[in-house]
Novice: 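Quick one: the structure is below, and I'll ask about it shortly.
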Amino acid sequence: MMQRRKLMALTGLGLGASLAAPSVLRAQGNWPDRPIRLIVPWAPGGSTDTVARLFQPRLAAVLGQPVIIENRGGASGSIGASEMARTPADGSAWMLAYDNEAPNQTLLRLNYQTLEAFVPVSLVATGPLVMTAHSSTPFRNFQDVVAAAKRNPDALNYASSGVGGLAHISTTLLQQQSNFRLTHVPYRGGGPAVTAAVANEVPLFMTNVVIVSQHIRAGTLRPLGVTTRGETRHVPGTQSFAQQGFGDFEAPTWWAFFGRAGTPQPIVDRMHAALKQVLNEPEVKSRIEEQGCDIVASTPAECRTFVAAEIERWGKVIRDNNIRMDS
């Protein structure tokens with residue numbers, strides 16, 4: 001009884017937690033002491049999976065533990081994110097999120113809120129979206145697509161990695177700004193979508209550059225426009241949508257690394273340091289950037305600010321333009 005009273009008194013002084021949870025303290029001091037899960041909320045072969053696998057081996061080497069990628073695709077990335085939201089806050093699981101995390105907050109009924117359920121670790125990279133056409137089509141730029149779509153509304157199909165993603169929403173916004181209509185064909189991730197685009201199952205494809213760069217270089221897919229303000233080094237010779245008459249249109253794609261909210265700060269700091277080191281290694285950086293994006297490797301605070309702004313920005317676009325999951 002005396003020992004119990006003493007423990008309760010210490011707890012009241014804020015000291016009991018360290019006595020009651022020595023395993024947590026040990027875990028912080030020894031972390032990582034077991035294999036690490038890296039949840040990728042998309043199917044294999046998509047851009048998020050590609051980026052993750054380019055830095056995964058070096059991250060494992062730096063941390064001294066295996067980093068095991070788990071692909072949990074579906075529902076615009078929300079199935080994997082929901083799984084991440086259920087993981088313990090002990091540094092055993094992390095997530096590489098795609099830009100869908102921002103519009104998902106407005107479009108979907110989620111059982112989590114991104115900046116409440118997760119702790120930002122780093123904005124990994126950003127890059128342009130690109131609209132491509134199969135080489136067999138007559139389209140040479142996006143204005144050709146607009147003209148064809150105005151002649152025959154809804155007759156042209158375009159693919160994306162899923163309903164509600166930035167590729168879908170930005171294309172919807174382009175249509176609404178210039179009064180033309182395409183038919184959206186969503187796929188369950190970038191991998192299946194690029195397969196369909198290369199096979200000419202769908203003539204147009206809006207996506208990030210990462211998963212189509214090799215097909216653009218091979219000439220199978222023809223770039224028609226990019227979502228940067230001007231031209232980008234990742235798709236040389238291709239005008240932006242803004243340059244093709246769409247005002248100041250801009251829609252960067254991005255990838256961000258998150259932990260579970262409540263993860264002890266020393267673990268978050270250790271992961272951030274390891275990830276920053278790996279992303280800035282010349283070989284890793286060049287391999288990722290040659291796919292069509294730019295390494296950022298931000299601080300956790302910068303990542304939080306960026307993601308919060310994206311949630312607000314695209315939430316406003318969704319509400320103002322009445323974009324729905326069946327758009």
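These numbers come from the heavy atoms of this one structure, side chains and all, not from hydrogens, waters or symmetry mates.
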Novice: Side chains of residues 307-316: which donor-acceptor partners sit under 3.5 Å, not counting sequence neighbours?
Specialist:
| residue | atom | partner | partner atom | Å |
| --- | --- | --- | --- | --- |
| E310 | OE1 | W254 | NE1 | 3.0 |
| E310 | OE1 | W314 | NE1 | 3.2 |
| R313 | NH2 | E250 | O | 2.3 |
| K316 | NZ | D320 | OD2 | 2.6 |

Novice: For residues 190-200, which side-chain N or O atoms pair as donor and acceptor with protein atoms under 3.5 Å away, sequence neighbours left out?
Specialist:
| residue | atom | partner | partner atom | Å |
| --- | --- | --- | --- | --- |
| T195 | OG1 | G191 | O | 3.1 |
| N200 | ND2 | S136 | OG | 3.1 |

Novice: Within this structure, what is the CH2-OG1 distance for the pair W255 and T126, rounded to the nearest 0.5 Å?
Specialist: 8.0 Å
Novice: Strictly by modelled atom types, are S213 and H234 linked by a side-chain donor-acceptor pair under 3.5 Å?
Specialist: no
Novice: Could you pull out all residues at least two apart from T253 that satisfy side chain to side chain donor-acceptor pair (under 3.5 Å)?
Specialist: Y98, D99
Novice: Could you give all pairs that pass the salt bridge (Lys or Arg N to Asp or Glu O under 4.0 Å) test and reach residues 179-195, with sequence neighbours left out?
Specialist: D154-R181
Novice: Provide the closest heavy-atom pair for L96 versus T48 in the form atom of the first, atom of the second, distance.
Specialist: O-CG2, 3.3 Å
Novice: Can you tell me how far CE of M131 sits from OG of S160, rounded to the nearest 0.5 angstrom?
Specialist: 9.5 Å
Novice: Who pairs with D269 by side chain to side chain contact (heavy atoms under 4.5 Å, CB included), at least two apart in sequence or on another chain?
Specialist: Q265
Novice: Is the backbone N or O of F180 less than 3.5 Å from a side-chain atom of S178, with the two atoms forming a donor-acceptor pair by type?
Specialist: no
Novice: Counting N and O atoms only, with roles assigned by atom type, does the side chain of R34 sit under 3.5 Å from a partner on the main chain of S92, one being a donor and the other an acceptor?
Specialist: no
Novice: Any side-chain to backbone donor/acceptor pair from Q244 onto N141? Under 3.5 Å, distance only.
Specialist: no
Novice: As a quick check of understanding, evaluate side chain to side chain donor-acceptor pair (under 3.5 Å) for S47 and N208, giving each step before the final call.
Specialist: CA-CA 7 Å; S47 66; N208 58 72; 2.8 Å; yes
Novice: How many angstroms lie between OH in Y112 and CE in M84, if you round to the nearest 0.5 Å?
Specialist: 11.0 Å
Novice: Tell me every residue that passes side chain to side chain donor-acceptor pair (under 3.5 Å) with R86, counting only those two or more places apart in sequence or in another chain.
Specialist: E83
Novice: Less than 4.0 Å between a side-chain N and a carboxylate O, is that true for R233 and E289?
Specialist: yes
Novice: If a pair satisfies salt bridge (Lys or Arg N to Asp or Glu O under 4.0 Å) and one of its residues is in residues 46-62, list it, with sequence neighbours excluded.
Specialist: D49-R53, R58-E281
Novice: Which pairs with one or both residues in residues 115-124 pass salt bridge (Lys or Arg N to Asp or Glu O under 4.0 Å), sequence neighbours excluded?
Specialist: none
Novice: Output all residues satisfying side chain to side chain donor-acceptor pair (under 3.5 Å) with N157, sequence neighbours left out; order by chain, then residue number.
Specialist: none
Novice: Not counting sequence neighbours, which residues clear side chain to side chain donor-acceptor pair (under 3.5 Å) with S286? List them please.
Specialist: none
Novice: P138: what forms a side chain to side chain contact (heavy atoms under 4.5 Å, CB included) with it, not counting sequence neighbours?
Specialist: none
Novice: Enumerate the residue pairs fulfilling salt bridge (Lys or Arg N to Asp or Glu O under 4.0 Å) with a member in residues 192-210, sequence neighbours excluded, ordered by first and then second residue.
Specialist: none
Novice: Any donor and acceptor pair, going by atom type alone, linking the side chain of R260 with main-chain N or O of A85 inside 3.5 Å?
Specialist: yes
Novice: Heavy atoms only: give me the nearest T263-G91 pair and the separation to one decimal.
Specialist: CG2-N, 4.0 Å
Novice: Rounded to the nearest 0.5 Å, what's the gap from CD1 on I68 to CD1 on I36? Could you check?
Specialist: 9.5 Å
